[in-house]
Amino acid sequence: MARREMTMADNARPAHEGEEHLEEVGAKLNWLRAGVLGANDGIVSVAGVVIGVAGATTNLIAIITAGLAAWVAGAFSMAGGEYVSVSTQRDTEKALLEKERWELKTMPHEEFDELADLYVQRGVTPEVAQLVARDLTKHDALRAHADAELGIDPDALTNPWAAALSSMIAFTAGALLPMGVVLLPVDAATRVWLVVAAVAVGLLLTGWVSAALGKAALGKAIARNVGMGMLTMAVTYAVGALFGSAVGV
Ligand SMILES: [Zn+2]
């Protein structure tokens with residue numbers, strides 16, 4: 001859409017700036033997608049636990065305690081997993097950049113030829129590739145190599161703490177939905193049905209947003225998302241009810 005709305009003024013801007021803008025939009029979409037997935041996870045896990053315990057007992061304190069534990073455990077599990085995986089990725093990228101830096105220092109001529117060659121492989125004529133490689137090497141050799149060889153932007157490595165914190169927030173946003181409904185002053189049976197209804201609405205929303213972000217067929221994606229949440233609650237309720245009647249809670 002942004003491309004269609006480009007004006008003469010936009011065209012006059014250096015290409016570099018426009019590219020950065022598109023990359024920014026892409027990064028924001030990735031964060032949004034991850035946030036929606038985290039919220040979805042928070043809704044389903046906490047609702048599953050709350051409904052499961054409600055299948056075994058009508059004791060509200062027990063239900064709330066279980067929901068709280070599921071919320072905290074889920075948020076930390078998501079954040080921890082995100083921290084570990086982003087840290088590993090960042091270490092890998094840093095090591096690759098370090099190797100590239102060393103290669104540029106120790107074998108600048110080979111590296112220059114390699115860079116020009118990469119542009120030729122992308123369809124640039126050898127003469128122009130030489131010019132481009134020369135200018136980019138003069139400007140910022142490491143950035144040019146990181147981009148052409150590794151596909152990495154040295155200034156845009158993901159911060160593992162930021163990734164961990166945002167998945168914790170996303171999970172919590174989802175968890176608040178079933179937790180909030182559980183606290184409503186209603187009788188035990190109504191409470192279960194209210195949680196089911198709230199979860200259905202919540203999953204409809206997360207399913208809709210993630211399908212829209214992924215440009216998938218809305219109806220099918222929403223039905224799948226809501227269906228999986230309902231299945232989860234049906235199973236945890238059945239397990240809770242079986243356990244509850246077996247031990248006579
Ligand atoms: Zn290189």
Side-chain angles (χ1 to χ4, degrees), residues 1-38 41 77-171 210 212-216:
M1 198 187 288
R3 274 172 186 271
R4 232 185 297 132
E5 286 165 8
M6 267 210 306
T7 63
M8 290 298 287
D10 289 320
N11 282 325
R13 281 191 322 192
H16 178 67
E17 217 172 284
E19 198 173 283
E20 241 174 25
H21 177 67
L22 281 179
E23 272 169 21
E24 245 169 59
V25 171
K28 269 180 196 148
L29 276 179
N30 279 338
W31 282 96
L32 188 56
R33 207 168 284 143
V36 172
L37 281 177
D41 208 6
S77 159
M78 291 266 303
E82 196 64 14
Y83 177 80
V84 168
S85 95
V86 171
S87 294
T88 305
Q89 189 194 335
R90 193 182 164 99
D91 287 349
T92 307
E93 290 175 345
K94 275 185 172 167
L96 287 170
L97 287 173
E98 205 40 61
K99 180 168 172 277
E100 199 59 48
R101 203 172 276 131
W102 180 81
E103 286 175 354
L104 282 169
K105 204 183 275 178
T106 52
M107 44 180 122
H109 296 295
E110 288 88 339
E111 282 295 305
F112 179 85
D113 292 341
E114 186 189 38
L115 186 63
D117 210 43
L118 281 168
Y119 294 129
V120 172
Q121 280 170 33
R122 290 179 182 185
V124 178
T125 61
E127 297 75 38
V128 177
Q130 289 282 326
L131 291 176
V132 172
R134 198 194 62 199
D135 281 358
L136 289 179
T137 300
K138 216 182 283 171
H139 178 64
D140 188 342
L142 181 66
R143 176 181 291 280
H145 282 255
D147 175 54
E149 275 178 61
L150 312 168
I152 298 175
D153 180 351
D155 296 329
L157 301 186
T158 314
N159 181 335
W161 288 108
L165 183 68
S166 58
S167 53
M168 190 177 258
I169 291 171
F171 188 93
S210 54
L213 288 176
K215 301 195 179 3

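First listed ligand is number 1; within each ligand, the first listed atom is number 1.
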Scan the side chains in residues 113-138 for donor-acceptor partners under 3.5 Å anywhere in the protein, sequence neighbours excluded, and list what turns up.
from	atom 1	to	atom 2	distance (Å)
Arg122	NH2	Ala148	O	3.1
Thr137	OG1	Ala133	O	2.5

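Using a cut-off of 4.0 Å between Lys/Arg side-chain N and Asp/Glu carboxylate O, Lys94 and Glu98 are scored as not salt-bridged.
Heavy-atom minimum distance, Ser210 versus Val36: CB-CG1, 4.0 Å.
Glu103 lies apart from the Zn ion (ligand 1) in this respect, since none of its N, O or S atoms is found at a distance under 2.8 Å.
Side-chain atoms of Arg90 come within 3.5 Å of backbone N or O of Thr158 as a donor-acceptor pair.
For the pair OE1 of Glu111 and ND1 of His145, the angle at the Zn ion (ligand 1) is about 100°; rounding is to 10 degrees.
The atom name of the N/O/S atom in Glu149 closest to the Zn ion (ligand 1) is OE2. The atom of Glu100 nearest to the Zn ion (ligand 1) is OE2, with the search restricted to N, O or S atoms.
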